[in-house]
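This report concerns only the one structure given below.
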Amino acid sequence: MKTEDHAVAAGHSVDPARWQEAFEGLMARIAGRFARVEPRRRVGRLVLGLLSDLPRKNCWTIAEWAGESTPDGMQHLLGRAKWDADQVRDDVRAYVVEHLRDDQAVLVVDETGDVKKGTDTVGVQRQYTGTAGRIENAQVAVYLVYAGRRGHAAVDRELYVPRSWTSDPDRCRAAGLGDKTEFATKPQLAARMITRFLDAGHRAAWVAGDEVYGGNPTLRAALEERGTDYVLAVACSHEVTTGAGKFRADTPARKVPKRAWQKLSAGSGAKGPPLLRLGRHRPHRPRPGSRQLLIRRNRSTGELAYYRCYSPTAAVPLTTLVRVAGSRWRVEEFFQSGKGLAALDEHQVRRYPSWSRWVTLEGRTATRWPPCPPGRAASWPPSAVTSPPRLRRTCRRGPAPPSSRPSLGGACTRCGATAPCRPGSRRPAWAPAE
């Protein structure tokens, strides 16, 4: 499904009144994190701007969309206003878990990169990024996505700060990082976010990730110590321990008998439903818990993929392991919708405080809900919906003077719109597409 298809689906399945009610409920939840009324109102306009149909989304374009003459207010909100992005992150995380709660939810961890110009943007250096598929001058961040049957959303984020930055305190200080910022690998950032999620009292049945995380023994040991189930991809050269000794992960694959392969569905991913055959091998178990090696074979190409699986209790059915492995693609959908619809990669900020605030506010706009069930258009999506109707920058009664444009939660005195109207427009600022 393409990004444009997501927008069309949202326009047809979201009830504007229910969406507005849910939006105001979430904004009320985080309102206490802002000491002054000005940033409290402006953050609502910023989020609405991120959800609009603007072709480019940054402080300049969103300020113009919101009816502000300059971007100074938006830039002040992201850079100098007094509010804690981590506290807002915690509020949004609690909101997501509350409304997407699933006993079999999966925490999916993955990184994404944004190609940048210059060397001043925090964390930027020449490094590999999957966004470009090659080494580029880029900024990379690791995200934690909560994926359940009712939808998925990002609940945490950490910026990857390379050694070239942490070894230069002056450069870190200029970018808003602490003088004592220490280097942390991507698996260490993932462990930090997972620990934060679990320590907050939330629960998820599984953790999933790609080879970057599956190949890290420290992360796997930390998850096993907490009794957390996981399905983590590993490289073909990854070593597994069996009763006969240590072998590369691709060695057991050659010994799996044909009858051991099963044709199972891993669900629909960002690139369509995978056609797979899967088998599993039980490695030697020197410690308590069930450990398995899951092998995936693409029916079309014959390509093999490998996953280390762990459960602190009895052996888990193969169908469950396949479902969790397939959940990893939910983070790809989050990146696709976040960059395509909500400008995850268009922030144009350089310092760390501004980056953390932008991605915290942007992350809550990219929640992905399942398609509307037949006959439920009037009550779908759930009350927690954070996917918007398609937004227009218009006012019903023609050009609106500044005095009639409302603050967040107010109503336009000319057309009754409950979102800011742009001067010279013809429809309410948040009106759904016809």
Side-chain angles (χ1 to χ4, degrees), residues 78 83-94 96-97 106-114 116 121-125 127-131 138-147 152-167 171-172 175-200 202 204 207-216 218-220 222-223 226 228 230 232 328 330-332 334-335 338-339 342 344-345 347 349-366:
L78 294 177
W83 59 281
D84 192 329
D86 289 342
Q87 292 180 343
V88 174
R89 173 207 61 202
D90 294 344
D91 290 339
V92 173
R93 180 180 61 206
V96 168
V97 175
V106 181
L107 290 178
V108 188
V109 60
D110 201 0
E111 74 277 356
T112 186
D114 304 328
K116 297 294 181 181
T121 301
V122 60
V124 71
Q125 75 166 14
Q127 55 191 320
Y128 177 83
T129 169
T131 302
Q139 179 190 62
V140 175
V142 182
Y143 288 83
L144 187 69
V145 171
Y146 182 90
H152 57 270
V155 293
D156 209 341
R157 73 287 179 269
E158 285 283 352
L159 180 66
Y160 174 69
V161 184
R163 292 186 189 274
S164 60
W165 279 78
T166 57
S167 61
R171 191 182 187 190
C172 288
L177 293 168
D179 295 342
K180 299 182 180 180
T181 300
E182 297 181 354
F183 173 74
T185 64
K186 294 169 186 175
Q188 287 174 327
L189 297 177
R192 186 182 302 174
M193 293 188 292
I194 294 170
T195 299
R196 199 153 50 212
F197 181 91
L198 298 176
D199 287 348
H202 306 306
V207 172
D210 64 15
E211 293 89 343
V212 173
Y213 310 95
N216 186 270
T218 304
L219 175 59
R220 297 199 310 271
L223 293 175
R226 298 197 65 131
T228 303
Y230 62 73
L232 298 172
R328 189 168 68 87
R330 305 281 283 276
V331 73
E332 299 294 341
F334 164 75
F335 292 149
K339 294 184 178 182
L344 179 64
D345 57 344
H347 47 75
V349 296
R350 291 187 174 182
R351 305 183 76 249
Y352 177 76
S354 301
W355 175 88
S356 63
R357 292 178 175 188
W358 177 276
V359 297
T360 298
L361 296 175
E362 187 283 334
R364 68 155 300 279
T365 69

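Quick caveat, the model's predicted, so the values are computed rather than measured. What you see below is based on every heavy atom in this structure, not just the backbone, and it leaves out hydrogens, waters and symmetry mates. Residues take their numbers from the sequence shown, with the count starting at 1.
Of all heavy-atom pairs spanning A175 and P353, the tightest one is O-CD, 4.0 Å. Scanning both residues, A85 and T360, for their nearest heavy atoms gives O-CG2, 3.7 Å. Considering every non-hydrogen atom in both R163 and S167, the closest pair reads O-OG, 2.8 Å. G113 and T129 get closest at one heavy-atom pair: CA-OG1, 3.3 Å. Counting all heavy atoms, side chain and backbone alike, C172 lies closest to G178 at CB-O, 4.0 Å. For the residue pair A141 and W355, the shortest heavy atom distance occurs at CB-CZ2, 3.5 Å.
Side chain of T195 to main chain of R192: no donor-acceptor pair is present (N/O by atom type, distance under 3.5 Å, no hydrogens or angles). Using modelled atom types, no side-chain atom of R328 and backbone atom of V108 make a donor-acceptor pair closer than 3.5 Å. Checked by atom type and distance alone, the side chain of W165 never pairs as donor or acceptor with a backbone atom of F183 at under 3.5 Å.
Between the CD atom in Q139 and the CG atom in L159 there is a gap of 5.5 Å [rounded to 0.5 Å]. Atoms CG and CG, on L361 and L78 in that order, are 7.0 Å from each other to the nearest 0.5 Å. Here CD1 of I194 is found 10.0 Å from CG of D156. Values are rounded to the nearest 0.5 Å. Between the OG1 atom in T121 and the CZ atom in R351 there is a gap of 12.0 Å [rounded to 0.5 Å]. Of the inter-residue distances, the one linking K180 atom NZ with T166 atom OG1 reads 15.0 Å to the nearest 0.5 angstrom.
Shown here are the ring pair (Phe, Tyr, Trp, His ring centres under 6.0 Å) partners of Y230, two or more places apart in sequence or in another chain: Y310. By the salt bridge (charged side-chain N to carboxylate O under 4.0 Å, His left out) test, D210 is found to be paired with no residue, residues two or more places apart in sequence or in another chain being considered.
Ring geometry for H202 versus F197: interplanar angle of 30 to 60°, hence tilted.
Within a 6.0 Å radius of CZ in R350, other residues, nucleotides and ligands contribute 12 heavy atoms or fewer.
Checked for salt-bridge contact, R157 and D86 meet the test: a charged N lies under 4.0 Å from a carboxylate O. The existence of a salt bridge linking D90 and R93 is confirmed by a sub-4.0 Å separation between a basic side-chain nitrogen and an acidic carboxylate oxygen.
The side chain to side chain contact (heavy atoms under 4.5 Å, CB included) test with L189 singles out one residue from Y160, Y213, Y143, and that residue is Y160. With E158 as the fixed residue, the side chain to side chain donor-acceptor pair (under 3.5 Å) test singles out one of Q188, K186, R196: R196.
The shortest distance between side-chain heavy atoms of P187 and V212 falls below 4.5 Å. At least one side-chain heavy atom of L223 sits under 4.5 Å from a side-chain heavy atom of L232.
For the residue pair Q125 / S164, a side-chain donor-acceptor distance below 3.5 Å is found, with atom types taken as modelled.
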